[in-house]
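These notes concern the structure reproduced below.
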Protein chains: 2
Amino acid sequence: MKYSKATNYALHTMLFLAKEATNKPVGVQQLAEMQDVSPTYLSKILTKLVKEGMINSVSGANGGYTLSRNWEDISFLDIIHAIEGKSSLFDCCLYNDPKCVIKEVMLSAEETLENELRNRKISDLVKK
Amino acid sequence: MKYSKATNYALHTMLFLAKEATNKPVGVQQLAEMQDVSPTYLSKILTKLVKEGMINSVSGANGGYTLSRNWEDISFLDIIHAIEGKSSLFDCCLYNDPKCVIKEVMLSAEETLENELRNRKISDLVKK
DNA sequence: CAATTAGAGACTTTACATATCTATAATAGC
DNA sequence: GCTATTATAGATATGTAAAGTCTCTAATTG
Ligand code: SF4
Ligand code: SF4
């Protein structure tokens with residue numbers, strides 16, 4: 001059980017875009033080089049962020065990616081969910097025993113984790 | 001990013017053993033049948049718990065597994081660590097930037113999760 | 001000794017993350 | 001309109017780890 005590299009790439013990209021105060025699009029070429037990953041693969045990851053409305057993409061020459069308007073609200077959890085999906089960390093083997101104690105513990109722990117990640121915004125890291 | 005099925009099997013086995021107040025060994029055959037998993041595979045998982053001192057094994061006829069003496073102290077985190085390993089959920093791609101903000105957020109969130117899981121003991125689920 | 005049980009190791013299968021390749025679509029600048 | 005540049009999409013390949021099987025060995029019971 002680990003966060004995927006794709007999540008790592010997405011977080012680093014978001015942080016970089018946030019640090020760039022400018023609105024000029026940043027090409028995937030540059031973003032990929034910084035992180036030592038292939039541009040086509042990173043592009044595929046960033047497309048997920050585009051579809052979730054976290055960043056915008058601009059085709060054509062001098063194109064690239066920019067943060068969306070509401071970027072200051074984007075949390076770590078948002079980014080993780082965009083890449084890893086939103087399904088629970090804990091897969092129950094049987095069907096929905098509602099008073100199952102194991103499930104209760106695991107889901108409540110996961111919720112604690114999500115709350116923490118929901119409160120941490122990319123924008124908080126930039127302001128200082 | 002998900003908890004493995006092996007973790008699920010380990011948790012269910014521990015809970016079952018805890019509910020069995022008796023000290024009689026329970027064979028892997030029976031444990032596996034309940035969880036619809038092959039005995040040899042489950043055996044491999046339970047051996048990890050034996051090595052961490054959470055359960056004891058008894059070979060030979062009428063053998064099986066019993067909880068260890070200190071079983072009331074065993075937390076969810078202990079079991080998860082025994083199966084999934086203890087390495088961090090977040091793999092940092094570069095080497096140890098100590099003031100890295102991303103790493104700081106991810107590790108602190110993970111610590112919150114671990115604290116919650118450390119406070120939940122198998123024995124708490126049985127007492128009621 | 002015979003039956004039963006856990007443990008160990010090699011191996012296979014499956015699933016998924018990671019990545020590559022190629023073709024298409026959109027845009028800028030000339 | 002033409003060309004270069006850039007993102008997007010889909011098919012495909014590779015790598016890795018989880019999940020599971022098979023077989024042999026060791027310990028214990030009776
Ligand atoms: S006991 Fe709980 S965790 Fe296990 S299968 Fe049933 S509902 Fe799921
Ligand atoms: S920026 Fe932080 S998370 Fe990223 S590689 Fe460096 S230390 Fe690791």
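FYI, side chains are in, hydrogens and waters are out, and symmetry mates aren't considered; it's all heavy atoms of this structure. To find a chain, count down the sequence lines: A is the first, B the second, and so on, and within it residues start at 1. This one's a predicted model, so the numbers in the text were calculated from it and none came from an experiment.
- For A:Asn62, whose side chain is taken as the heavy atoms from C-beta onward, the closest listed nucleotide among C:dG29, C:dT18, D:dT21 is C:dG29.
- Side-chain contact between A:Phe76 and A:Leu125: present, with at least one pair of heavy atoms (C-beta onward) separated by less than 4.5 Å.
- As rounded to whole Å, 14 Å separates atom P of D:dT23 from atom NZ of B:Lys44.
- As a whole-Å value, the separation of B:Met1 CE from D:dA18 P is 14 Å.
- Partners of A:Ser4 under the side-chain hydrogen bond (donor to acceptor under 3.5 Å, both in side chains) rule, at least two apart in sequence or in another chain, are A:Thr7, A:Glu84.
- Note: NZ (A:Lys5) to P (D:dT14) measures 18 Å, nearest angstrom.
- Of all the residues in residues 26-33 of chain B, not one reaches under 4.0 Å from DNA chain D with any non-hydrogen atom.
- In this structure, the OH atom of B:Tyr65 is 14 Å from the P atom of D:dT28, given to the nearest Å.
- Atom C1' of nucleotide C:dC16 and atom NZ of A:Lys2 are separated by 16 Å, given to the nearest angstrom.
- Residues A:Ile80 and B:Met106 have side chains in contact (heavy-atom distance under 4.5 Å, counting atoms from C-beta outward).
- Looking at the side chain of A:Ser59, the nearest of the listed nucleotides C:dT5, D:dT21, C:dA26 is C:dA26.
- At D:dA18, none of the side-chain N or O atoms of B:Ser4 fall inside 4.0 Å of OP1 or OP2 (strictly under the cut-off).
- Nearest to the side-chain atoms of A:Ala61 among the listed nucleotides D:dT5, D:dT29, C:dG7 stands D:dT5.
- A donor and an acceptor atom never sit less than 3.5 Å apart when one is taken from the side chain of A:Lys51 and the other from the base of D:dT8.
- Per the geometry, CG belonging to A:Asp91 stands 10 Å off P belonging to C:dC16, to the nearest Å.
- Looking at every heavy atom in both residues, A:Ala18 comes nearest to A:Ile122 through CB-CG2, 3.7 Å.
- The environment of CG in A:Asp36 is sparse: at most 12 heavy-atom neighbours from other residues, nucleotides or ligands sit within 6.0 Å.
- Comparing D:dG20, D:dA7, C:dA19 against the side chain of B:Tyr9 picks out D:dG20 as the nearest.
- Distance A:Tyr41 OH to D:dG10 C1': 16 Å, rounded to the nearest Å.
- Considering only heavy atoms from C-beta on, A:Asn56 comes within 4.5 Å of A:Thr66 through its side chain.
- Each of C:dA8, C:dT22, C:dA6 was ranked by its minimum atom distance to the side chain of A:Thr40; first place goes to C:dT22.
- The residue A:Ser43 sits close to a base: some heavy atom pair falls under 4.0 Å.
- You'll find the side chain of A:Leu15 reaches within 4.5 Å of the side chain of A:Val126, heavy atoms only.
- The CD1 atom of B:Ile45 sits 14 Å away from the P atom of C:dA6 (whole-angstrom rounding).
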